[in-house]
Novice: 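So that we are looking at the same thing, I have put the structure below in structure tokens.
Position 1 is the first residue of the sequence; numbering continues from there. None of these values were measured; they are calculated from a predicted model.
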Amino acid sequence: MKPLAEKIWFNGELKAWEDTKVHVMTHALHYGTSVFEGVRAYDTPKGPAVFRLTEHTQRLLDSARIYHMPVPYTLQQINEACKETLRVNGLKSAYLRPIAFLGECGMGVTPKPENVRVDVAIAAFPWGAYLGDEGLTKGVDVIVSSWNRAAPNTIPVMAKAGGNYLSSYLIGREARSKGYVEGLGLGVDGRLSEGAGENLFLMMGGKIYTPPVSASILGGITRNTVLTLAREEGIEIIEQDLPREMLYLADEVFMTGTAAEITPIRTIDDIPTRENGPGPITKLLQTRFHGLFNGQTEDKWGWLDYVN
């Protein structure tokens, strides 16, 4: 496979993409013991900037904390390494993937504390809209998956951990094997949770409804961004448990995530939303969100971390 960029930051050094390798006995490869982030950099009128870099890095460290993984770098060091990786690859607009994982710790599921080794890598490369450029403007078709999200107190869903994404893999693969763009997962109680890799929003009667953090969702940073922008616009937000059938009655539905940004949903289980694609609230929030990067929305929250 052709390298997506020239260099990857790995354990404090910049290495050629093709030379950045881990051993086949790496603990994370066998047991999913990794935590990671998805971060985007945008080419703004003031130069390339990473969106909410500190919040992403803090969540990386928090995820590692939940799993008792001692990351050998500070938040500031990881932030600077992200920006250095962008600079050395000459990237102005890119997707970043910081990841921390257990390396060669022996084959036991629970390695001895003295054997624990945490490796850290940061890759940066160009990546367009996760669910397609056309999906951003026209909306995408999704289904509710037969697979549920993880139940509370099984694995910690507030951690963005590699092993958690086996659930996402099953939900997304089922949807795509049936000709849909994405799958939505329900919680074990049958109520709405989230997409395979996105948070979920519904609009009814001019209000925004979204499942709470207790609904087996990852508390997304783009989700928080949308909630903040919506409140700025005076839109009422209701975070509560939501029944599946609200999907079929909603005026508008969209998903959010670093990779997906704000992607409208056009149909769910072959039932069109009442707007049959992006409606006025979705379009407004898309405009405000992308306005942060083209200079049309004031960054009053200090979300842009400039690379240079």
Side-chain angles (χ1 to χ4, degrees), residues 40 42 51 128-145 171-172 175-176 178-186 191-213 215 217-294 296-298 303:
R40 276 200 188 270
Y42 293 89
F51 183 58
Y130 178 61
L131 298 177
D133 292 329
E134 185 175 295
L136 289 175
T137 56
K138 296 183 178 180
V140 296
D141 302 315
V142 306
I143 58 168
V144 176
S145 176
I171 290 171
R176 285 161 191 160
K178 296 178 179 179
Y180 297 88
V181 172
E182 189 60 293
L184 305 179
L186 303 178
R191 295 185 173 91
L192 298 181
S193 181
E194 61 182 354
E198 310 88 8
N199 293 126
L200 186 62
F201 291 82
L202 293 74
M203 274 61 66
M204 297 180 69
K207 301 176 183 178
I208 291 179
Y209 294 81
T210 191
V213 174
I217 71 168
L218 178 71
I221 291 171
T222 307
R223 175 183 183 271
N224 174 267
T225 301
V226 165
L227 293 175
T228 301
L229 294 173
R231 291 188 179 103
E232 281 284 303
E233 297 296 328
I235 302 171
E236 184 177 351
I237 297 165
I238 300 172
E239 294 185 65
Q240 66 177 44
D241 291 330
L242 301 173
R244 172 178 179 169
E245 56 268 28
M246 278 187 70
L247 289 169
Y248 312 131
L249 303 176
D251 301 319
E252 309 171 49
V253 185
F254 65 80
M255 298 179 292
T256 65
T258 295
E261 298 177 310
I262 300 176
T263 299
I265 292 176
R266 184 170 52 199
T267 66
I268 307 102
D269 294 337
D270 298 322
I271 299 175
T273 63
R274 296 190 192 276
E275 291 286 343
N276 197 18
I281 294 178
T282 305
K283 291 177 181 177
L284 172 64
L285 292 172
Q286 283 182 319
T287 298
R288 295 291 183 266
F289 177 77
H290 290 287
L292 290 163
F293 317 123
N294 62 27
Q296 294 180 359
T297 300
E298 180 188 357
W303 286 337

Novice: Which value, rounded to the nearest 0.5 Å, describes the distance between Leu284 atom CG and Glu252 atom CD?
Specialist: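 If I round to the nearest 0.5 Å, the distance is 9.5 Å.
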Novice: Measuring only between side-chain heavy atoms, which start at C-beta, is Thr228 closer than 4.5 Å to Trp303?
Specialist: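 Contact flag for Thr228/Trp303 side chains = yes.
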Novice: CZ of Arg288 to CG of Leu229: how many Å apart, nearest 0.5 Å?
Specialist: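 That separation rounds to 8.5 Å.
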Novice: The test is side-chain contact (heavy atoms from CB on, under 4.5 Å); show your working for Phe201 and Thr282 and say whether it passes.
Specialist: CA-CA 10 Å; Phe201 291 82; Thr282 305; over 6 Å; no
Novice: Quick one: pull up CD1 in Ile281 and CD1 in Ile235 and give me the separation to the nearest 0.5 Å.
Specialist: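 Here the interatomic distance stands at 5.0 Å.
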Novice: Which residue in the set Leu184, Thr210, Val142 passes side-chain contact (heavy atoms from CB on, under 4.5 Å) when paired with Leu200?
Specialist: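 Checked Leu184, Thr210, Val142 against Leu200; only one passes side-chain contact (heavy atoms from CB on, under 4.5 Å): Leu184.
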Novice: Quick one: closest heavy-atom pair of Ile143 and Ala175, and the distance?
Specialist: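 Answer, listing the atom of Ile143 first, then Ala175: CD1-CA, 3.8 Å.
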Novice: If every non-hydrogen atom of Ile237 is compared with every non-hydrogen atom of Ala230, which pair is closest and at what distance?
Specialist: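 Smallest heavy-atom distance, with atoms named: CD1-CB, 3.9 Å.
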Novice: Identify each donor-acceptor pair in which a side-chain atom of residues 254-265 lies under 3.5 Å from a protein atom, sequence neighbours left out, and give them as a table.
Specialist:
| from | atom 1 | to | atom 2 | distance (Å) |
| --- | --- | --- | --- | --- |
| Thr258 | OG1 | Gly38 | O | 3.2 |
| Glu261 | OE2 | Tyr42 | OH | 2.6 |
| Thr263 | OG1 | Ala260 | O | 2.7 |

Novice: Measure the CZ-CG distance between Arg191 and Asp241 for me, rounded to the nearest 0.5 Å.
Specialist: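 Those atoms lie 5.5 Å apart.
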Novice: So, using side-chain hydrogen bond (donor to acceptor under 3.5 Å, both in side chains) as the criterion, who are the partners of Tyr180 when residues are at least two apart?
Specialist: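 With sequence neighbours excluded, Tyr180 shows a side-chain hydrogen bond (donor to acceptor under 3.5 Å, both in side chains) to Asp270, given in chain and number order.
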Novice: Going through the distances and angles, do Glu134 and Val140 end up as a side-chain contact (heavy atoms from CB on, under 4.5 Å)?
Specialist: CA-CA 8 Å; Glu134 185 175 295; Val140 296; over 6 Å; no
Novice: Side chain of Asp269, backbone of Ile271: donor and acceptor closer than 3.5 Å?
Specialist: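 Judged by distance alone, no pair lies under 3.5 Å.
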Novice: Quick check on Gln240: does its CD atom have over 12 non-hydrogen neighbours (other residues, nucleotides or ligands) under 6.0 Å away?
Specialist: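 Result for CD/Gln240: enclosed.
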Novice: Looking at Val181 and Arg176, what are the two nearest heavy atoms and their distance?
Specialist: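 It is O-NE, 2.9 Å.
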Novice: Taking the side chain as everything from C-beta on, heavy atoms only, tell me whether Leu227 gets closer than 4.5 Å to Glu239.
Specialist: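 Of all side-chain heavy-atom pairs linking Glu239 with Leu227, at least one is under 4.5 Å.
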Novice: I'd like to know if the side chain of Asn199 reaches the main chain of Gly219, judged simply by a donor and an acceptor atom lying under 3.5 Å from each other, with no hydrogens or angles considered.
Specialist: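 No, Asn199 side chain to Gly219 backbone: no donor-acceptor pair under 3.5 Å.
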Novice: Is the shortest heavy-atom distance from the side chain of Leu192 to the side chain of Leu247 under 4.5 Å?
Specialist: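 Of all side-chain heavy-atom pairs linking Leu247 with Leu192, at least one is under 4.5 Å.
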Novice: Might you point out which heavy atoms bring Tyr248 and Arg244 nearest each other, and give the distance in Å?
Specialist: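 Looking at all heavy atoms of both residues, the shortest contact is OH-NE, 2.9 Å.
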Novice: To the nearest 0.5 Å, what is the distance between CZ on Arg223 and CD on Glu194?
Specialist: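 That separation rounds to 9.5 Å.
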Novice: Taking all atoms of both residues into account, what is the closest heavy-atom pair of Ser193 and Ala215, and its distance?
Specialist: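 Looking at all heavy atoms of both residues, the shortest contact is OG-O, 2.7 Å.
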Novice: With rounding to the nearest 0.5 angstrom, report the OG1 to CZ distance, Thr273 to Arg266.
Specialist: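 If we round to the nearest 0.5 Å, Thr273:OG1 and Arg266:CZ are 9.5 Å apart.
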Novice: Check whether any side-chain heavy atom of Phe51 sits under 4.5 Å from a side-chain heavy atom of Thr225, and report yes or no.
Specialist: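 SC-SC contact between Phe51 and Thr225 confirmed.
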Novice: Under the 3.5 angstrom rule, does the side chain of Gln286 hit a backbone N or O of Leu136 as a donor-acceptor pair?
Specialist: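 Yes; judged by distance alone, with no hydrogens or angles, the pair exists.
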Novice: Could you tell me which non-hydrogen atom of Asp251 sits nearest to which non-hydrogen atom of Met204, and how far apart they are?
Specialist: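 Looking at all heavy atoms of both residues, the closest pair is OD2-CA, 3.4 Å.
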